[in-house]
Amino acid sequence: MAKLVYNELLKMFRKKRFLVVVLILAVLIPIFTYAQYITVQNTVKQIGTSDWKAILQQQIVDRENQLTSSRVPDEWKKWTRLTIAQEKYYLKNNINPTAPGAPTFVRKFVEEAVALFLPLIVVILAADLVSSEYANGTIKVLLTRPVPRWKVLLSKYLALILSISLMMLITGLLSYLLSGIIFGYKGWDLPVLTGFIQQGNQLITSQVHLVPQWKYIILSFGLAWFSALAVGTISFMVSVLVRNTATSMGVMLAAVISGSLLSQLAPTWQSLRYFVFINLRLTDYLAGKPVLISGMSLPFSLAMLSIWSIIAIIIAFVVFSKRDVLN
Amino acid sequence: MEPVLAVEHLSKKIGARTIVNDVSFHVNPGEIFGFLGPNGAGKTTTIRMLVGLIKPTSGSVSIGGYNLQTHFLEAIKQVGCIVENPELYPYLTGRENLEHFARMMQDVDANRIDEVVQLVELDKRIDETVKTYSLGMRQRLGIAQALLGNPQLLILDEPTNGLDPAGIRELRAFIRKLAQEQSISIFISSHILYEIQLLCDRVAIISQGKVLKTAPVAQLVGEESKVEWSLQPLSAAIHQLTDLPYIRNVEQLGKERVMVHMPVEKIAETNQLLLSSDIQVNAIRPMNQTLEDIFLEMTGGEGIG
């Protein structure tokens with residue numbers, strides 16, 4: 001089995017699929033970094049002073065005043081206290097929160113990339129994994145070896161899982177290394193707020209707490225990896241079904257992009273949450289961003305992604321091992 | 001002697017169409033077996049069933065005594081094949097392609113790879129990517145790939161397609177060498193009769209999904225021949241000839257010439273018979289019949305190629 005997986009990885013590398021992915025990342029990450037840098041510059045300009053310590057000090061005083069007010073609900077008070085703790089940490093450790101360093105960029109980048117950018121890259125990796133063998137005709141050589149068909153397909157799937165994992169790692173490393181040139185490489189210990197729970201239309205903050213940024217980044221990447229695997233698995237099934245690389249890529253791009261568009265266009269259409277590509281933004285649950293379609297939560301989305309993936313993998317294996325090779 | 005390849009009552013239906021209809025034949029050890037038929041006769045579908053790419057609707061395929069449907073791995077281990085074009089990964093080098101497929105088999109090491117590369121005479125270009133190869137070189141790499149696992153049976157589907165005359169001659173010599181020196185059985189499909197006639201020991205003729213005849217090539221070509229007779233008087237002679245049981249297709253060509261199908265060894269006998277009936281025999285011209293004639297006759301003049 002290891003030999004078969006090696007074969008598949010070899011083909012993937014020699015087809016320069018990985019090179020394409022790394023190049024895309026190497027071009028886009030500096031652009032995102034620059035965009036972030038411009039935003040930071042604008043903030044400084046608006047405030048009118050570059051002495052961020054003074055600004056932060058003022059913010060903390062403001063918040064402490066809010067806490068003494070009786071009109072503020074208790075939930076808000078807890079949030080405010082945590083925010084104060086966060087800001088005090090910045091002051092004490094001499095961290096400018098508006099220009100916070102490469103780890104923060106990595107965290108924000110993966111939060112933004114999880115819904116569209118990472119899925120597109122996964123599609124590049126997965127879409128022609130099986131269909132290209134049909135297009136080349138090499139499937140006929142591959143399936144006339146003394147190896148059962150399910151093993152051939154499994155080796156391809158394992159190679160896909162490995163390459164998606166490697167791709168996530170490269171994304172993390174590149175975004176850290178490249179953004180650090182501008183933002184500096186510090187900030188792993190920065191406290192980040194998490195533990196939000198969405199219930200109905202309310203954001204419940206009772207579980208909210210601070211975690212060091214490195215922990216938060218590991219969690220985000222884990223969730224983004226899970227999303228990417230689901231996209232990869234479904235893409236893999238499409239690749240088995242269509243036998244043509246262009247069609248396979250087209251179908252997947254359309255599906256991923258419509259998932260991303262629909263969630264913004266039709267948030268009141270509740271059944272949409274059962275569509276797999278609506279559920280890709282797993283990191284939003286971590287960050288406490290408002291959920292667009294009600295009824296969605298981290299366990300719900302994880303379940304949706306898992307169910308769709310399992311169905312896809314079953315279809316892929318059944319079709320691949322039964323189908324006559326006619327082309 | 002147990003056949004290397006035994007095909008029994010093989011049929012394939014796709015939708016309502018019967019593409020292969022009750023095909024049976026055997027390939028014996030060390031034999032070069034031709035599979036002859038026009039394009040669309042069901043050759044490729046049959047070959048794909050022989051190597052497990054298509055599941056038959058009914059019938060069975062046994063390779064080296066193993067049933068392909070029930071013991072796929074044991075059966076397919078004994079086969080090397082090229083189905084249609086020699087399809088390999090263009091972005092890998094020749095050697096990487098061979099290593100790739102070697103990893104899918106047991107007991108194929110670097111030495112064996114060198115061996116087959118030598119055998120197909122690709123050693124000079126083996127470390128270049130396949131996309132730089134000519135069709136002839138791809139064909140040879142395809143054969144190297146098929147030979148990797150020391151197969152007992154080599155299946156080649158239209159191996160000369162797209163090759164130039166020199167390439168075809170080279171390939172033919174190579175196939176003969178394989179059969180003689182390595183005692184591999186070879187199954188070759190082709191729509192080019194001449195090729196099969198030059199190369200094969202036995203041939204199965206397939207048309208519209210059915211095997212019309214399986215016989216040694218020498219027998220098929222030799223057993224019956226067209227013979228042209230110049231006779232006088234012709235009408236009496238034709239009457240006489242038509243009555244003979246071994247003569248078929250009596251065809252009048254001119255005022256005193258007639259063409260018949262008959263075994264060559266019966267010419268003397270027929271001559272005597274005609275003479276004894278007071279028919280003047282002016283000339284006897286046996287025409288050497290080719291597989292092509294036989295084929296056209298069997299398929300009722302269906303186009304070839």
Side-chain angles (χ1 to χ4, degrees), chain A residues 1-21 124-125 128-159 240 243-245 317-327, chain B residues 12-14 19 44-45 47-57 63 66 68 71-93 96-108 129-131 138 141-142 145-146 148-149 151 153 155 157:
Chain A
M1 197 67 210
K3 282 181 178 176
L4 297 185
V5 175
Y6 176 84
N7 270 351
E8 295 309 324
L9 287 173
L10 174 78
K11 283 184 268 182
M12 215 185 264
F13 279 96
R14 295 298 300 272
K15 256 191 291 186
K16 308 210 164 68
R17 279 288 170 276
F18 242 91
L19 194 68
V20 169
V21 166
I124 294 176
L125 289 176
D128 74 339
L129 211 52
V130 181
S131 57
S132 69
E133 302 273 5
Y134 278 94
N136 276 340
T138 41
I139 190 76
K140 289 178 276 184
V141 194
L142 214 55
L143 295 187
T144 52
R145 303 293 101 203
V147 176
R149 286 190 184 190
W150 65 266
K151 263 195 182 175
V152 173
L153 195 63
L154 184 62
S155 68
K156 281 185 177 290
Y157 189 58
L158 292 179
V240 168
R243 282 182 267 189
N244 171 308
T245 304
F317 271 88
V318 169
V319 169
F320 188 78
S321 40
K322 294 255 146 108
R323 184 166 60 190
D324 285 345
V325 180
L326 294 169
N327 65 318
Chain B
K12 178 69 184 179
K13 281 184 190 163
I14 295 180
I19 292 169
T44 296
T45 307
I47 287 185
R48 284 173 186 229
M49 287 193 278
L50 299 186
V51 294
L53 288 174
I54 295 181
K55 285 180 187 66
T57 311
I63 301 168
Y66 290 102
L68 188 74
H71 296 80
F72 176 75
L73 298 185
E74 291 88 344
I76 205 74
K77 243 177 224 172
Q78 327 207 22
V79 181
C81 62
I82 304 180
V83 180
E84 285 174 325
N85 308 313
E87 277 124 347
L88 296 145
Y89 301 103
Y91 47 85
L92 299 180
T93 68
E96 283 171 328
N97 265 292
L98 294 180
E99 283 167 350
H100 173 276
F101 292 113
R103 274 182 224 110
M104 301 184 78
M105 294 180 257
Q106 273 119 40
D107 313 321
V108 180
T129 52
V130 169
K131 59 180 167 230
R138 280 176 206 213
L141 186 63
Q145 169 275 124
L148 268 181
L153 173 67
I155 294 178
D157 187 7

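Protein chains get the first letters and strands the later ones, always in sequence-line order, with residue 1 at the start of each.
The candidate from A:R145, A:E133, A:K322, A:K15 with the greatest count of non-hydrogen atom pairs under 4.5 Å with chain B is A:R145. Contact tally against chain B (heavy-atom pairs below 4.5 Å) for A:K16, A:R149, A:K151: the top residue is A:R149. Ranked by heavy-atom pairs under 4.5 Å with chain B, the list A:L4, A:L10, A:L142 is led by A:L142. Annotation: maximal heavy-atom pairing with chain B below 4.5 Å, among A:P148, A:S155, A:G137, A:S132, occurs at A:G137.
Of the two parts of B:I14, only the side chain, counted from C-beta on, holds a non-hydrogen atom closer than 4.5 Å to a non-hydrogen atom of chain A. For B:Q106, no part lies near chain A; criterion is any non-hydrogen pair under 4.5 Å. Only the side chain of B:T129 comes within less than 4.5 Å of a heavy atom of chain A; its backbone N, CA, C and O stay farther away. Of the atoms belonging to B:Y89, heavy atoms from both backbone and side chain fall under 4.5 Å from chain A.
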message: Go through it in stages, so that I can follow the logic: the residues are A:V240 and A:R323, the test is side-chain contact (heavy atoms from CB on, under 4.5 Å), and I'd like the CA-CA distance, side-chain angles, deciding distance and then a yes or no.
response: CA-CA 10 Å; A:V240 168; A:R323 184 166 60 190; 4.3 Å; yes
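Using modelled atom types, one finds no donor on one side chain facing an acceptor on the other under 3.5 Å when comparing B:E87 with A:T138.
A:E8 contributes atom CD, which lies 10.5 Å from atom CZ of B:R103 (distance to the nearest 0.5 angstrom).
A:D324 pairs with exactly one of B:K12, B:R48, B:K55 by the side-chain hydrogen bond (donor to acceptor under 3.5 Å, both in side chains) rule, that one being B:K12. Exactly one residue among A:V141, A:N7, A:T144 makes a side-chain contact (heavy atoms from CB on, under 4.5 Å) with B:F101. That residue is A:V141.
Note on ring orientation: taking the six-membered ring where Trp is involved, the planes of A:F320 and A:Y134 are perpendicular (angle over 60°, cut-offs 30° and 60°).
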